[in-house]
Amino acid sequence: MRGNYLLRQLHSSCSIPSYNFQSAKPKNSYPSKKKLTSQNNKLQNSSTTDSDIVKWNIAITTHMRHGQCECALRVFNSMPRRSSVSYNAMISGYLQNHKFDLARDLFDKMPDRDLFSWNVMLTGHVRNRDLNTARALFERMPERDIVSWNAMLSGYAQNGFVDEAREIFDKMPHKNEISWNGLLAAYVQNGRIEDAKRLFESKMDWTIVSWNCMMGGFVRKRRLVDARRVFNRMAVRDEVSWNTIITGYAQNGEMEEARRLFEESPIRDVFTWTAMISGYVQNGKLDEARSIFDRMPAKNSVSWNAMIAGYVQRKRMDMARELFEAMPSRNVSSWNTMITGYARSGDIAHARNLFDSMPQRDSISWSAMIAGYSQNGCSEEALHLFVEMQRDGERLNRSSFTCALSTCSSIAALELGKQLHGRLVKAGYHTGWYVGNALLAMYCKCGSIDNAHDAFQEILEKDVVSWNTMIHGYARHGFGEEALTVFELMKTAGIRPDDATMVAVLSACSHAGLVDKGSEYFYSMNRDYGITANSVHYTCMVDLLGRAGNLEEAQNLMKNMPVKPDAATWGALLGASRIHGNTELGEKAARIIFEMEPHNSGMYILLSKLYAASGRWSDAGKMRLEMKNKGVKKVPGYSWLEVQNKIHTFKVGDTSHPHTDKIYNFLEELDLKLKEEGYVSSTKLVMHDVEEEEKVHMLKYHSEKLAVAYGILFVPPGRPIRVIKNLRVCEDCHNAIKFISRIVGRLIILRDNHRFHHFEGGSCSCRDYWMSGGNLVALSNPLIRAGISKTTPTFAKYYKLLFLYLEYANMRICSDTLLDRVQDRKEVQGKVLCCSKHEVVGELSLTQTDDEDGMYANVRPYSL
DNA sequence: GCTAATCTCC
């Protein structure tokens with residue numbers, strides 16, 4: 001009864017060609033094997049002809065292609081006689097529609113499985129990325145043909161098992177062009193472009209698919225010259241060939257060449273048009289993208305999404321929304337793009353709204369929402385959603401693993417990341433190239449640089465992204481020399497540095513204070529690698545010069561930039577002004593940034609701190625007021641750490657943690673010890689104009705201090721304490737944590753929104769050479785290591801000499817008198833005490849001379 | 001005439 005009802009429903013929703021269903025009794029379940037056989041026998045002599053069966057089979061295929069499994073089943077069940085093709089079409093259709101169990105049931109019940117059936121099942125497992133089952137099936141097959149071998153080969157290839165793919169290739173009894181291409185694709189897809197190239201050159205008669213594959217491999221490696229050579233050598237070209245080369249140029253910013261080929265191309269399909277749109281979008285040319293989009297004859301969802309993504313990038317959510325509403329069929333990507341857009345423009349509520357109302361979510365939706373929370377300072381919501389995602393059972397395939405890993409990166413969930421790594425290995429996804437890069441990035445961003453290095457070593461063929469990630473990782477952890485060593489290795493390995501590499505290299509120099517080296521790289525990168533400096537490179541240089549006190553040269557560089565300095569560049573100058581107490585310049589930079597980004601809360605706070613540090617309380621107050629009036633929201637500061645798979649979050653003065661009493665008591669104890677050790681709190685950094693004692697109190701309970709205290713209490717001894725803060729670490733906390741690391745004898749790794757700090761034995765890996773507050777930079781400064789390039793006259797020279805001297809002598813400054821004078825740009829005559837790591841060893845005196853540097857440094861050792 | 005294996009776009 002119920003079955004009949006269902007059938008009627010199905011029947012009315014199907015649009016099948018008019019076949020005669022009268023001759024068979026409809027069934028809504030599979031006949032048993034035994035029954036089938038007898039039925040086949042019974043109908044053996046009926047009037048059904050082979051050509052009728054073929055017609056029914058076509059109907060099955062058509063339904064399956066449209067995702068109408070029930071309709072296909074109805075046809076199948078109503079057939080008076082079925083051939084093995086009918087079964088195969090059903091099984092194949094089920095697999096295409098991800099009805100895995102139904103496919104297997106039918107396969108098991110099928111009376112006479114032929115080679116075709118086995119192959120269908122095999123490829124089903126392969127497409128389902130279930131390689132173990134695929135292999136087991138492959139071994140069980142009564143006979144195999146070239147299709148079976150090729151399916152197995154491509155299965156391994158697509159899942160990162162290049163060596164296994166090669167093994168299959170070598171073992172197979174016969175090879176055809178698909179086998180050859182399968183191996184070639186294995187190399188290309190897994191980034192082993194040199195192996196691919198060797199294979200390609202070893203043989204002449206490749207089909208067009210392989211030519212395209214080889215060309216696509218070069219494009220993915222951004223080796224456009226090689227790609228173009230392949231394209232030019234091709235005897236025949238199809239649409240894919242044109243699309244690949246056009247995409248190649250478009251993705252690498254060479255839009256003129258892309259456009260030329262686009263006009264020249266004899267055939268343009270939806271891919272060609274879309275490639276042009278996303279090319280223009282990626283190069284920031286939204287109007288050109290839109291005009292192509294409007295001209296485009298038939299758009300698919302990818303074209304719409306590309307255009308929406310363009311508006312999203314520019315934070316034009318109004319335009320994005322308009323297209324989103326207008327597009328005929330939205331897919332998951334469309335929703336995901338919109339979610340990302342709202343999240344990036346800070347409209348987290350709208351993002352969440354879309355997330356909740358979307359018809360289907362994939363792992364990217366989850367990641368986008370989690371990333372959105374995390375970027376908007378809602379770390380708790382981000383973590384919460386991450387747990388919810390796993391509870392929701394979001395299936396982790398290769399790409400969602402990558403997404404999940406990058407989520408771990410963005411919230412620095414190292415333990416979760418490690419668990420994912422374990423599951424990756426279990427699933428057999430850990431080899432292969434882009435998962436390797438994601439793992440590497442995860443460990444870098446979660447603060448485990450040693451694990452990162454291991455992950456890096458395990459990537460078989462490192463591509464430019466792998467190298468860049470490693471260099472950048474070291475840079476962010478303050479290991480400048482290591483970063484530059486990796487850079488040298490990269491060149492030795494024959495990988496050509498790209499613009500991202502140079503950003504990583506310059507920021508390594510900046511984080512390590514290697515001014516000379518940085519300048520050298522900057523000025524030679526065009527000559528050596530053909531890389532034109534972009535605004536990011538300029539920002540790195542302004543940062544590098546500015547932090548080192550060379551504000552004039554930094555400004556000159558900005559004046560001579562080929563493009564107008566952007567907010568980030570001005571931000572670097574502002575940061576440097578702050579370090580060196582140049583309120584005037586800082587103010588100028590901040591004003592310009594306000595005009596460019598009126599809602600950037602970080603800038604208000606920075607300027608406010610700049611005023612506060614120089615005692616201009618009323619100006620600091622005005623900034624806060626202005627912020628309030630303009631409705632700029634301050635991102636609340638949070639610190640968190642993972643202990644035994646739980647994330648513990650703290651905000652300033654937090655008393656909500658169950659162990660609050662323990663934490664605060666411990667901090668009081670610690671405070672006494674800190675004072676004994678000679679720590680003085682930097683009250684200049686507290687923004688508000690409050691009483692001194694109150695300021696000390698406020699500093700004592702910053703979120704990072706609470707988190708560190710909790711870590712010391714609850715992370716097992718011997719393990720590093722890993723704390724993450726969503727904003728930049730407070731300078732006073734930075735200073736205190738250095739002392740704390742010595743007092744408790746623990747390694748404390750703190751990730752702020754800019755870089756990593758490894759605190760150990762009383763010092764930090766950043767060497768205090770990071771954007772700090774007021775003119776306090778030298779107060780707490782161990783081992784300043786810097787060199788200054790061609791210095792402009794006055795104080796930078798003194799710095800240079802002083803720093804070089806101290807670096808040479810492996811000593812640190814222990815007094816701020818000298819540097820205070822330097823910052824006043826007065827003549828340097830003061831005396832400073834020099835210390836080895838913790839002990840005063842002598843007195844440094846600087847005297848004016850007539851030599852090139854104008855200064856002479858001398859250390860008079862203390863005799864004990 | 002139907003069913004299986006290789007390449008390009010968000």
Side-chain angles (χ1 to χ4, degrees), chain A residues 50-62 64-65 72 75 82-96 114-124 126-127 144-155 157-158 165 168 172 175-186 188-189 206-217 219-220 227 238-248 250-251 269-279 281-282 299-310 312 330-337 340 364:
Chain A
D50 285 350
S51 93
D52 286 336
I53 294 185
V54 169
K55 281 177 187 165
W56 271 304
N57 291 345
I58 293 170
I60 290 175
T61 308
T62 312
M64 284 301 197
R65 232 174 249 153
V75 175
R82 303 169 189 89
S83 67
S84 61
V85 175
S86 326
Y87 280 88
N88 294 341
M90 279 302 293
I91 297 170
S92 164
Y94 277 144
L95 291 169
Q96 274 163 33
D114 57 12
L115 181 55
F116 223 105
S117 329
W118 283 91
N119 282 340
V120 167
M121 264 329 267
L122 177 66
T123 55
V126 164
R127 258 204 302 261
R144 304 181 193 112
D145 66 357
I146 197 159
V147 174
S148 336
W149 285 93
N150 285 342
M152 210 55 231
L153 169 59
S154 85
Q158 283 165 10
I168 291 285
M172 52 197 300
K175 304 174 185 23
N176 61 10
E177 68 272 19
I178 295 177
S179 330
W180 281 93
N181 189 69
L183 184 63
L184 185 73
V188 163
Q189 284 164 0
W206 291 94
T207 63
I208 192 164
V209 172
S210 300
W211 283 85
N212 292 340
C213 181
M214 190 68 236
M215 179 166 54
V219 163
R220 273 169 61 171
D238 62 357
E239 278 151 272
V240 177
S241 321
W242 285 93
N243 290 341
T244 305
I245 194 72
I246 290 173
T247 307
Q251 279 177 348
D269 65 2
V270 70
F271 285 109
T272 331
W273 288 91
T274 308
M276 288 303 288
I277 292 174
S278 46
V281 160
Q282 278 166 35
K299 307 169 178 64
N300 66 9
S301 54
V302 179
S303 338
W304 284 88
N305 291 346
M307 199 59 233
I308 291 176
V312 159
R330 293 180 272 270
N331 61 16
V332 187
S333 291
S334 333
W335 290 85
N336 292 347
T337 309
T340 311
I364 297 174

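Quick caveat, the model's predicted, so the values are computed rather than measured. In what follows, chains carry the letters A, B, and so on, assigned in the order in which the sequence lines appear, proteins first and then strands, with residues in each chain numbered from 1.
When the options A:Asp238, A:Asn243, A:Thr244 are evaluated for a side chain to side chain donor-acceptor pair (under 3.5 Å) with A:Ser241, the one that passes is A:Asp238.
Between the side chain of A:Ser333 and the base of B:dC10, a donor-acceptor pair under 3.5 Å is found.
Formation of a donor-acceptor pair under 3.5 Å by the A:Asn300 side chain with backbone atoms of A:Ser303 is found in this model. Under the 3.5 Å distance criterion, the side-chain polar atoms of A:Ser92 are left unmatched by any main-chain donor or acceptor of A:Ala89. Side-chain atoms of A:Asp145 come within 3.5 Å of backbone atoms of A:Ser148 as a donor-acceptor pair (strictly under, hydrogens ignored).
Atom-to-atom, CE of A:Met215 to C1' of B:dT8 comes out at 9 Å; the value is rounded to the nearest Å. Rounded to an integer number of Å, the gap from CG of A:Asn300 to C1' of B:dC10 is 9 Å. Rounded to a whole Å, the CD1 atom of A:Ile246 is 13 Å from the P atom of B:dC9.
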Summarise how protein sits on nucleotides 1-6 of chain B as a single string, 5' to 3': B when a protein heavy atom is under 4.0 Å from the base, S for sugar-phosphate-only contact, - for no contact.
BBBBBB
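Applying the salt bridge (Lys or Arg N to Asp or Glu O under 4.0 Å) rule to A:Arg144 yields the partners A:Glu139; only residues at least two apart in sequence or on another chain are considered.
A:Gln282 is listed as a side-chain neighbour of A:Ser278, based on a closest heavy-atom distance under 4.5 Å.
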